[in-house]
2 protein chains.
Amino acid sequence: MSFCTIALDAMGGDHAPLAVVDGAALFARSNTAVEFLFFGDQKVITPLLKKHRALAQKSRIIHTDIKIGSHERPREAFRVDKKNSSMRLAIEAVKRKEAHCCVSGGNSGALMGLSKVILGTVPGLDRPAMVSTYPTKKGETVMLDLGANLICNAENLRQFAIMGGAYAFSVLGIKEPKIGLINVGIEDTKGNEVIQEAHSLIKATELRGDYVGFIEGDDIAKGQIDVVVTDGFTGNVALKASEGLARLIQAYLRRAFTGSFFGKLAYVFCYVPLKTLRKQLDPRKNNGAVLVGLNGISVKSHGSTDGVGFSYAITVAYNLHKSGFIERIERRLSHLQKVNAEITSLRDKT
Amino acid sequence: MSFCTIALDAMGGDHAPLAVVDGAALFARSNTAVEFLFFGDQKVITPLLKKHRALAQKSRIIHTDIKIGSHERPREAFRVDKKNSSMRLAIEAVKRKEAHCCVSGGNSGALMGLSKVILGTVPGLDRPAMVSTYPTKKGETVMLDLGANLICNAENLRQFAIMGGAYAFSVLGIKEPKIGLINVGIEDTKGNEVIQEAHSLIKATELRGDYVGFIEGDDIAKGQIDVVVTDGFTGNVALKASEGLARLIQAYLRRAFTGSFFGKLAYVFCYVPLKTLRKQLDPRKNNGAVLVGLNGISVKSHGSTDGVGFSYAITVAYNLHKSGFIERIERRLSHLQKVNAEITSLRDKT
């Protein structure tokens, strides 16, 4: 198994650095071939590390006391006096190949902005996309884009299909993910021009697993599709509408249940599963909203999470590295470019 | 109170003509100033009407034995040998002003196609839209477009706002409906060009009630907005995704509840409210998916409904007529055209 160095922003998130150190310790218990770079205040991190002897042996602290606040505007993160912020240093460690991936529970906008600028995009990719998972009858499905690109052309959607497939492989461990393109109907003739063209492009792309074609909104939760491809506007609205509905159902049940003893009891039974579902649906609240397509792995952890939650974010970053997520996307995109170049050269000859 | 003549397709729907006659009888009990035109097989309708003496006195049967099947392709409805179909005759009665509105439980695609061609659109309107209601914490919200227009420009969205406001007034009885435009964030700077332009256009439009500006997907179910405006692609996907999620939650709860006696009991408590919600969410299953913007009122009733359901569809058609739904839209659009013409003439002078 290949060795993995993980850069951690020890100043990002409500419970940093405690949640960061706890998360790393938890992760290190089941993953031995790793080491950690903690970016943050040495005075605070050192005593925390002392409590985890095994972790301390595979950790280094890179001291900085400059932090990006969770309420700062993303562009503030680029200021000269923030050059040595813990978040920026962690991302730069990935850029300089001193780490294989980085994880931060800090300011989402700042993390995305810095990651995009510092790491750049995968060669051959037009635009990165925001990806998350949506709960289904059978587990989870990968959904993208969720708001990074409000207007998408057919080629963007094809590249999202490629990235979504790679993400399902890397994070959910699905070998041949089924990919679907959202449309207003499943018949081949449905949809606008962009959707129609994207459908043809994806069909013509050599994708591991199957492109199943068009799917409708109510297919997302059914669990027969592993990757749901859509533009950032539709994806964002659909995901948030679903989250709002889940909240409504919870309120609805609460109302239906008050009145009788059994009703109240029934509500207690509903409460936990519904809350879990809602959390899964909210990309702002879970650890899974990742900007994919960057030329380096940078994962956001939920800011208010504890060590358990943070270790989950580390797992996502680790899996993306271990499975060769970026290389997989790069390979597919370079293959695509070759095919396109051949087509162009054939056209020129005729 | 103005008198209302209602044309009924007595051959449309699984339980026609029984559900149609029962629905009319039910409606006539609380609405006296109405008469009905039944389009269908005289031999079958006559004995059914005999059971409702009061209804029979305010009803006429226009005989035809030509029916449009629920599984026929919409374009079949236009064939010469279907010229005297019960559905087509009912719509034509509205066109010829022999009826104020029509209701059919038959083939949705055929009803929309025929209505669009026979009735035409409201003067000044660019494109009709599909509208339905979405359940919220406080009741219902009107949502459009749900799939009639996959690509919309800013002017389309403004016209949807006008029609949605009129629909909320006519069908939900909301005097000053709050109108929101779906976006990926509520800040004024968010969204693509079309959304930005639509935002400016709607702000500049004199609308009864308030245009509240941008809303996000999770605002739909909150109940603070009476009209949700979006393009047909996003609306369709968001509505269906919500419906799929409601179905998932139901399955999820079923799973969570099996095992213990109390769990099973709790499920029984959940079942009914969840089923109701799901029905409300599915535009194919409820009576509320209306194509608005036509120059005549044509309402679809759910095909498998009984008399109670059919009477609800009659109520929608009746309310649209009684409240002057079309005139309201026409007035606003003509006002808009005047303002636009003035702006153009002012520009030409300078």
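Heavy atoms only: backbone and side chains are in, while hydrogens, waters and symmetry mates are out.
By the neighbour-count criterion of 12 heavy atoms within 6.0 Å, atom NZ of K116(A) is sparsely surrounded, having that number or fewer from other residues, nucleotides or ligands. Within a 6.0 Å radius of CZ in R79(A), more than 12 heavy atoms belonging to other residues, nucleotides or ligands are found.
Rounded to the nearest 0.5 Å, atoms CG (N236(A)) and CD (E216(B)) are 6.5 Å apart.
Summarising the geometry of A246(B) relative to L245(A), their closest heavy-atom pair is CB-CD2, 4.0 Å, with the distance given to 0.1 Å.
Among the residues in residues 225-233 of chain B, those with a non-hydrogen atom closer than 4.5 angstrom to a non-hydrogen atom of chain A are D231(B), G232(B), F233(B). Scanning residues 183-198 of chain B against chain A with a 4.5 Å heavy-atom cutoff picks out N183(B), V184(B), G191(B), N192(B), I195(B), ordered by number.
Proximity to chain B (any heavy atom under 4.5 Å) is restricted, for I151(A), to the side chain, taken from C-beta onward.
Tested against K240(A), the residues D218(B), I215(B), I220(B) include a single side-chain contact (heavy atoms from CB on, under 4.5 Å) partner, D218(B).
Heavy-atom pairs under 4.5 Å with chain A peak, among G223(B), G147(B), A221(B), A241(B), at A241(B).
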